Amino acid sequence: MKVEQVLEDLKRRFPNEPEYHQAVHEVLESIEEEYNKHPEFEKANLIERLCIPDRIFSFRVTWVDDKGNTHTNMGYRVQHCNAIGPYKGGIRLHASVNPSILKFLAFEQTFKNSLTTLPMGGGKGGSDFNPKGKSSAEIMRFCQAFVTELWRHIGPDTDVPAGDIGVGGREVGYMFGMYKKLAREFTGTFTGKGITFGGSLIRPEATGYGNVYFLLEMLKTKNVDIKGKKCLVSGSGNVAQYTCEKLIELGAIPVTLSDSSGYIYDPEGITAEKLEYVKELKELYRGRISEYADTYGCKYVAGARPWGEKGDIALPSATQNEISGSDAEKLVANGVIAVSEGANMPSTPEAIAVLQKAKILYAPGKAANAGGVSVSGLEMTQNSERLSWSAEQVDNQLKWIMSNIHENCVKYGTEADGYVNYVKGANIAGFMKVARAVMAQGII
Ligand code: NDP
């Protein structure tokens, strides 16, 4: 396999899909050497079979707003690979959603799910519907309309969606309700469900908590204590909130949060009480993070991201490509010792190069944010058993999974000078398992 050649070919066949090309490039670059040790892979054209999704559904979603006006959006589901289990991955509702973004996310999800050790394939879905400013009734009508088309392509052993940007417990509930009505079954076809109808304890917390558990493993390799460390967190949604919650519990000090309008910097630290305010602000009132600054009298910077502020650790938890090369240079100049990604692909290739050159601890989302889908996998298991596990049981499993992922990254990513290249480690460990499964199942 020659990476440039594969990429050129993908760009020619699927033009105007920069996020998809970027994600494929990152993975292929780091697995090239390992892949080329297996001539049987090349003969089976494995690389194309793993880069191109099994199938993509796209459909029109029509819904009516509170004033009686009719709107149309595009809906999609990308089923990337089911070699090691049913397709599994979230639904994103955001105005920016397009096939390129969902193809990148489904591709990444496949190798992330493989890393978790649980039997899950990779997929992703979503719509360019913008949930901002919509009433609950409008959200419900949209979710129902979306599932009216999606339901025939999913199922507990086929494809199991979950939440992502713009999709939390409320939206999963509406989607699951409509699915249940159409499919006439009560199964674990969605994860992230409410606790009274098959959801798992710790699922809302899992991505943020898991990211901090992964960070702890990285810090352990350097004998660094997290206590007292100032943390730059971006986003203020699900992942950012539970990242902060765990950081606070462990005595670290989150000092920033953001949304798509700007960021806040609270030098006193975001405390448990202030975090409760953020949860209410974002989940109940759907407000803007600037209101935090008004309430607590701290700095708010509109139209910017928090990477220029002073901190010891960065945990990007908003969206893709939110740390540019120059942002990464600022982080390094400010003495940041670790970057652990809660979001998917938040660092650009230029940023990754800067962080790795500086030899700081850098964990890609594929490894560090795998806690969310891991607990989704545990939710599927509980649904199959028709049992519910205690919070402690799920949290212990989550810790074990994150530590196992870390171990695999170290195993496959340690370089000659001892530096752990977590990108390489995660990509090789995730990729090789899927590759072997695809090979064993013949040319299909
Ligand atoms: P939420 O919708 O709960 O929160 C997203 C946050 O990111 C909001 O604060 C939002 O601000 C901000 N944001 C979204 N888009 C942009 C943008 N283009 N520029 C700046 N800020 C933006 O989503 P999650 O917390 O669930 O997801 C965050 C990230 O974590 C995503 O990359 C997601 O794929 C990833 N992830 C999530 C998992 C989960 O379990 N939820 C699992 C694994 C990864 P605003 O409100 O202004 O839009």
Side-chain angles (χ1 to χ4, degrees), residues 19 23 88-98 101-102 104-106 108-109 112-113 115-116 122 124-126 129-134 139 161-172 191-192 199-200 202-211 214 233-245 256-264 278-279 281-283 285-292 302-307 315-324 327 340-347 363-377 379 398 402:
E19 294 87 359
K88 178 89 195 85
I91 302 278
R92 178 174 291 194
L93 299 184
H94 194 271
S96 64
V97 163
N98 60 36
I101 288 181
L102 296 179
F104 120 61
L105 288 164
E108 286 281 295
Q109 193 82 49
K112 180 193 304 188
N113 292 359
L115 273 177
T116 66
K124 202 85 188 186
F129 170 78
N130 178 5
K132 280 199 196 92
K134 303 290 190 299
I139 297 280
D164 189 69
I165 291 180
V167 177
R170 174 181 67 167
E171 291 75 14
V172 169
T191 59
S200 175
I202 307 291
R203 176 59 190 93
E205 295 87 345
T207 308
Y209 280 20
N211 189 16
F214 195 89
V233 180
S234 65
S236 47
N238 171 274
V239 179
Q241 289 170 18
Y242 290 104
T243 297
C244 285
E245 186 166 286
T256 65
L257 281 172
S258 71
D259 60 20
S260 49
S261 313
Y263 78 88
I264 59 106
V278 173
K279 284 185 186 171
L281 175 74
K282 286 290 170 182
E283 263 151 51
Y285 305 113
R286 315 260 158 196
R288 309 306 300 157
I289 201 65
S290 57
E291 293 167 50
Y292 178 105
R305 290 169 175 149
W307 314 124
L315 298 120
S317 310
T319 192
Q320 66 273 2
N321 292 329
E322 55 167 322
I323 302 185
S324 65
D327 291 329
S340 202
E341 295 183 342
N344 282 311
M345 208 167 77
S347 306
K366 190 181 289 119
N369 73 28
V373 76
S374 299
V375 174
S376 275
E379 182 173 330
L398 173 62
M402 297 317 292

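Nothing here was measured: the structure is a model prediction, and the numbers come from that model. Counting starts at 1 for both ligands and their atoms, following the listed order.
- For S317, no nitrogen or oxygen atom sits less than 3.5 Å from a nitrogen or oxygen atom of ligand 1, counting backbone and side chain alike.
- With hydrogens left out, the protein atom closest to atom 4 (O) of ligand 1 is G237 CA, 3.3 Å, a heavy atom.
- Considering only non-hydrogen protein atoms, atom 32 (O) of ligand 1 sits nearest to N344 N, 3.1 Å.
- Ranking protein heavy atoms by distance to atom 40 (O) of ligand 1, first place goes to T207 OG1, 2.7 Å.
- When heavy-atom distances to ligand 1 are checked against a 4.0 Å cut-off, E283 has no atom that comes that close, whether in backbone or side chain.
- Nearest protein heavy-atom contact of atom 34 (O) of ligand 1 is D164 OD1, 2.6 Å.
- Distances below 4.0 Å separate heavy atoms of R203 from the following atoms of ligand 1: 40 (O).
- Residue K132 has at least one N or O atom closer than 3.5 Å to an N or O atom of ligand 1.
- Ranked by closest heavy atom to atom 15 (N) of ligand 1, the top entry among H94, K282, K366 is H94.
- With rounding to the nearest 0.5 Å, the separation of CD in Q241 from CG in L257 is 8.5 Å.
- Among protein heavy atoms, atom 12 (C) of ligand 1 sits closest to A318 CB, 3.9 Å.
- Among the atoms of K124, none of the N or O lies under 3.5 angstrom from an N or O of ligand 1.
- To the nearest 0.5 Å, the span separating CG on N369 from CE on M345 amounts to 12.5 Å.
- Residue contacts with ligand 1: G166 is placed with a nitrogen or oxygen under 3.5 Å of a nitrogen or oxygen of the ligand (distance criterion only).
- S260 OG, 2.4 Å is the protein heavy atom nearest to atom 47 (O) of ligand 1.
- Below 3.5 Å of separation, one finds an N or O of S236 facing an N or O of ligand 1.
- By the criterion of a heavy-atom distance under 4.0 Å, the backbone of S258, and not its side chain, is placed next to ligand 1.
- Using a 4.0 Å cut-off between heavy atoms, R305 contacts ligand 1 through its side chain alone, with no backbone atom that close.
- Between R305 and D327 there is no salt bridge, since no side-chain N of the basic residue sits under 4.0 Å from a carboxylate O of the acidic one.
- Donor-acceptor pairing under 3.5 Å is recorded for the side chains of N211 and S340.
- From the protein, the heavy atom lying nearest to atom 17 (C) of ligand 1 is T319 CG2, 3.4 Å.
- In this structure, atom 46 (O) of ligand 1 lies nearest to the protein heavy atom R288 NH1, 3.8 Å.
- The minimum heavy-atom distance linking V167 with A162 is given by the pair CG1-O, 4.3 Å.
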Kindly indicate, with the supporting measurements, whether the criterion side-chain contact (heavy atoms from CB on, under 4.5 Å) is fulfilled by S260 and R288.
CA-CA 9 Å; S260 49; R288 309 306 300 157; 3.4 Å; yes

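- Comparing heavy-atom distances from atom 3 (O) of ligand 1 across V239, N238, I165 singles out N238 as nearest.
- For ligand 1, the polar-atom distance check against K112 finds no nitrogen or oxygen pair separated by under 3.5 Å.
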